[in-house]
Amino acid sequence: MSTDVVINIEERINTLNNNEVLFLSHKSKEVNAKNILFLGVMHGEEPQGDFLITKFIIQIMNYNLEFKNNLFFIPCLNPDGKSICSRGNANNVDLNRNFPTKNYEVTTFDDGTTSGASKSSELETKFLVNIIEKYKFDAILSIHAPFEIVNFDGDALDIANDISKITSYPVQADIGYPTPGSFGTYCGIERNIPTITLEVSKNLSDDELWEQNKDVFTYLANL
């Protein structure tokens, strides 16, 4: 493994169950580099994001890869939920309904999760909101499952179309149901950060999933 490539730990927190959430970076040497965020496991029963982002980081380190843009990673935002294959975090909160958006609502959902007691009530949400406010991202990729679509918020249609060509997933501007307090609304609509929600398959092997999506990472890294 090469020791030339540096993956930095920018920030970290411990969750209620004492699992660690890491915010990592790989900086470009380019003067006009953009800042790109890759985010995984908003929902604990969707571990594909952690696998794909970690796989990309390993590829960077193994092959000493350099890119046009500054790359930032949160492989797993919800390790408490992931550890028990639960959508919500340790408080049974759906983190993707807990962001401080104008349309946030205190809600209990059909699966038993809630949107939290208030906006940004959760450690994980606060952590991510702080990062969004501190770092000026030019694009964000949030990886979910299992709908096999490219959803987008904000000025991200061109990016969504390019990712659709890579993955063969159709572009879908509307996920099909209301999402008050969502990350896409918070970043894409209210902060004008091009935000892609990539809904990958749950029916592929790890190798197949990586082959289908690996070029998405390279594309965004050189956007």
Side-chain angles (χ1 to χ4, degrees), residues 1-11 22-42 48-77 128 131-145 148-173 183-184 186-189 191-201 204 206-223:
M1 181 179 291
S2 170
T3 58
D4 296 330
V5 172
V6 176
I7 302 292
N8 293 304
I9 299 176
E10 297 284 340
E11 300 185 32
L22 295 176
F23 175 54
L24 309 171
S25 69
H26 174 51
K27 301 295 180 61
S28 171
K29 297 175 183 177
E30 298 289 331
V31 175
N32 296 317
K34 297 176 182 178
N35 292 337
I36 310 296
L37 174 63
F38 299 89
L39 173 66
V41 196
M42 183 85 70
Q48 290 81 3
D50 191 1
F51 166 73
L52 288 169
I53 294 169
T54 300
K55 178 83 171 181
F56 183 47
I57 292 170
I58 291 170
Q59 294 282 312
I60 291 171
M61 298 180 69
N62 281 348
Y63 297 103
N64 198 24
L65 301 179
E66 297 291 348
F67 299 100
K68 175 181 175 182
N69 295 323
N70 298 317
L71 310 182
F72 297 87
F73 312 96
I74 301 177
C76 183
L77 181 67
L128 186 49
I131 286 168
I132 297 298
E133 292 178 350
K134 185 174 179 179
Y135 297 82
K136 303 302 180 183
F137 294 114
D138 296 283
I140 297 172
L141 178 74
S142 180
I143 301 173
H144 288 250
E148 300 184 28
I149 61 171
V150 184
N151 177 240
F152 69 94
D153 292 284
D155 186 16
L157 178 58
D158 288 345
I159 297 173
N161 283 331
D162 287 341
I163 291 176
S164 175
K165 292 174 184 175
I166 293 169
T167 62
S168 297
Y169 293 157
V171 174
Q172 189 169 313
F183 181 67
Y186 177 75
C187 292
I189 295 175
R191 275 153 190 79
N192 299 313
I193 304 169
T195 302
I196 298 292
T197 301
L198 180 60
E199 289 269 355
V200 303
S201 175
L204 299 176
D206 286 350
D207 287 344
E208 290 170 332
L209 190 66
W210 174 246
E211 285 301 315
Q212 183 183 61
N213 293 281
K214 64 181 181 181
D215 290 341
V216 173
F217 290 87
T218 304
Y219 161 74
L220 289 170
N222 292 305
L223 186 65

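If you're wondering where the values come from, they're calculated on a predicted model, not measured in any experiment.
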_Minimum heavy-atom distance Ile159-Tyr219, with the two atoms named_ = CA-OH, 3.5 Å
*For Lys29, check side-chain hydrogen bond (donor to acceptor under 3.5 Å, both in side chains) against everything at least two apart and list the hits.*
none
*Let me know which of Ile36, Asn35, Asn32, Leu220 forms a side chain to side chain contact (heavy atoms under 4.5 Å, CB included) with Asn69.*
Ile36
*Set of side chain to side chain contact (heavy atoms under 4.5 Å, CB included) partners for Ser201, sequence neighbours left out*: Glu148, Tyr169, Asn203, Leu204
*Where do Leu52 and Trp210 come nearest, in terms of heavy atoms and distance?*
O-CZ3, 3.6 Å
_Give me the atom names and distance for the closest heavy-atom approach of Glu66 to Lys27._
OE1-O, 4.1 Å
*asked:* Suppose we screen for side chain to side chain contact (heavy atoms under 4.5 Å, CB included). Which residues come up paired with Ala156, at least two apart in sequence or across chains?
replied: Phe152, Pro194, Ile196
*Write down the atom of Thr167, the atom of Gln212, and the distance for their closest heavy-atom approach.*
O-NE2, 3.7 Å
*Mind checking whether Phe183 and Leu39 have side chains closer than 4.5 Å, heavy atoms only?*
yes
*asked:* Within this structure, what is the CZ-CG distance for the pair Phe137 and Asn70, rounded to the nearest 0.5 Å?
replied: 10.0 Å
*Please tell me if the side chains of Leu37 and Ile132 come closer than 4.5 Å, counting only heavy atoms from C-beta onward.*
yes
*Mind checking the CD1-CG spacing from Ile163 to Asn151? Nearest 0.5 Å is all I need.*
11.0 Å
*If you look at every heavy atom in Gly188 and Thr195, which pair is closest and at what distance?*
N-OG1, 3.5 Å
*How are the rings of Phe56 and Phe217 set to each other: parallel, tilted or perpendicular (split at 30° and 60°)?*
tilted
*Starting at CD of Gln48, measure out to CG of Asp206 and round the result to the nearest 0.5 Å.*
8.5 Å
_Approximate separation, where rounding is to 0.5 Å, of Phe38 CZ and Phe72 CZ_ = 11.0 Å
*Find the distance between CG (Leu128) and CD (Glu11) and round it off to the nearest 0.5 Å.*
10.5 Å
*Tell me, do Val200 and Leu209 make a side-chain contact under 4.5 Å, heavy atoms counted?*
yes
*Mind checking whether Ile57 and Met61 have side chains closer than 4.5 Å, heavy atoms only?*
yes
_Nearest 0.5 angstrom please: Asp155 CG to Ile193 CD1, how far?_
12.5 Å
*Over all heavy atoms of both residues, which pair between His26 and Ile7 is shortest? Give the atoms and the distance, please.*
CB-CD1, 3.8 Å
*May I have the step-by-step check of side chain to side chain contact (heavy atoms under 4.5 Å, CB included) for Ile53 and Ile143, ending in yes or no?*
CA-CA 9 Å; Ile53 294 169; Ile143 301 173; 4.1 Å; yes
*With respect to Ile74, which candidate in Leu24, Ile131, Val41 satisfies the side chain to side chain contact (heavy atoms under 4.5 Å, CB included) definition?*
Ile131
*Quick check: does any side chain N or O of Asn222 sit under 3.5 Å from a backbone N or O of Phe67, one acting as donor and the other as acceptor?*
no
